[in-house]
Amino acid sequence: MADDSTSRFQAGQTGLIVRVPDAERAVRTWRKQFDPSARAGVPAHITVLFPFLDETRIDAGVRSTLADVLGKHSAFDLRFERCGRFPGVLHLVPEPDTQLRRLTKVIAERWPEAPPYGGKFTETAPHLTVADDQGDAVLDEFAANLLGKLPFTSRVSSVDLMAYDGAKWQERTSFALPE
């Protein structure tokens, strides 16, 4: 999820994320300043699928199907030991990422009209964005600082459905992953 304040987001957009509260201490300062999704209310997270369906399409049936699909996947641990880069983006790399990829795949297969990132990329890599739309010097500084805060492990026990209301992202439903 990204934006330059909130203008990249549209009211009614939704996304599915896994929260990574254990990352907040390490990334909060940079995310607040350099990740537009943080300024729009999204906690430290890894995107499972964005954009998902327009909020007007999310009814009890969609929620029930999401619960069924996600309920077939167990909770799991992620370890964050290193930073990664995309052009202009610094992120934390979750390892292993197999279960995250599997979640994205099964949801995208169930709702083919909602491909990851709108189909913009041929392949997507699970990641936790720290800073977006920054130059290499800034990202180098952040990465050097983050190394002292790594590694850490985080338990993934749910997937959250988030919706943009025109001003902020809000959690609509949280789907537990069985232990």
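Given the structure is predicted, the values throughout are model-derived calculations rather than measurements. The residues of the chain are indexed from 1 along the displayed sequence. All heavy atoms count here, side chains included; hydrogens, waters and symmetry mates do not.
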For L78 and P94, the nearest pair of non-hydrogen atoms, with its separation, is CD1-CB, 4.0 Å

Answer yes or no: does atom NZ of K149 have more than 12 heavy-atom neighbours from other residues, nucleotides or ligands under 6.0 Å? yes

With rounding to the nearest 0.5 angstrom, report the CG to NZ distance, L100 to K105. 15.0 Å

Which atom pair, heavy atoms only, marks the closest approach of V130 to D35? O-CB, 3.9 Å

Does I58 reach the side chain of L66, with side-chain heavy atoms less than 4.5 Å apart? no

Heavy atoms only: give me the nearest G41-M162 pair and the separation to one decimal. O-CE, 4.4 Å

Within-4.5 Å side-chain heavy-atom neighbours: W30 and L90: no

So do T47 and T124 actually touch side chain to side chain, heavy atoms under 4.5 Å? no

Sub-4.5 Å side-chain heavy-atom contact between P43 and I17: yes

Checking the side chain of Q134 only, and the main-chain atoms of D132 only, is there a donor and an acceptor separated by less than 3.5 Å? yes

For A75, does its backbone N or O pair with a side-chain atom of E179 as donor and acceptor, under 3.5 Å? no

Ring-plane angle category for W169 and Y164, please: parallel below 30°, perpendicular beyond 60°, tilted otherwise. tilted

Quick one: does any side-chain atom of R57 pair with a main-chain N or O of V62 as donor and acceptor, under 3.5 Å? no

With sequence neighbours left out, the residues meeting ring pair (Phe, Tyr, Trp, His ring centres under 6.0 Å) with F34 are F142

Hey, does W111 have a side-chain heavy atom less than 4.5 Å from the side chain of T65? yes

For a quick test of reading the model, state the closest non-hydrogen atom pair linking V20 to S154 and the distance between them. CG1-OG, 3.7 Å

Look up atom CG in L161 and atom OG in S158, then write down how far apart they are to the nearest 0.5 Å. 12.0 Å

Answer yes or no: is there a side-chain heavy-atom contact under 4.5 Å between S37 and R31? yes

One should read off an interatomic distance between D160 CG and E171 CD, to the nearest 0.5 angstrom, of 4.0 Å

Are V106 and H73 close enough that some pair of their side-chain heavy atoms sits under 4.5 Å apart? yes

Hey, could you give me the CG/CG distance between N145 and L150, rounded to the nearest 0.5 Å? 10.0 Å

Without swapping roles, check the side chain of R39 against the backbone of Q33 for a donor-acceptor pair under 3.5 Å. yes

Could you name each residue pair satisfying side chain to side chain donor-acceptor pair (under 3.5 Å) that touches residues 80-97, not counting sequence neighbours? R79-E81, R82-E95, R85-D140, D97-R101

Report yes if some heavy atom in the side chain of Q10 is under 4.5 Å from a heavy atom in the side chain of P51; otherwise report no. no

Do side-chain atoms of T14 reach the backbone of L53 as a donor and acceptor pair under 3.5 angstrom? yes

Rounded distance [0.5 Å steps], OG1 in T29 versus CD in E24: 10.0 Å

What is the ring orientation for F80 with F152, classed by angle as parallel under 30°, tilted 30 to 60°, or perpendicular over 60°? parallel

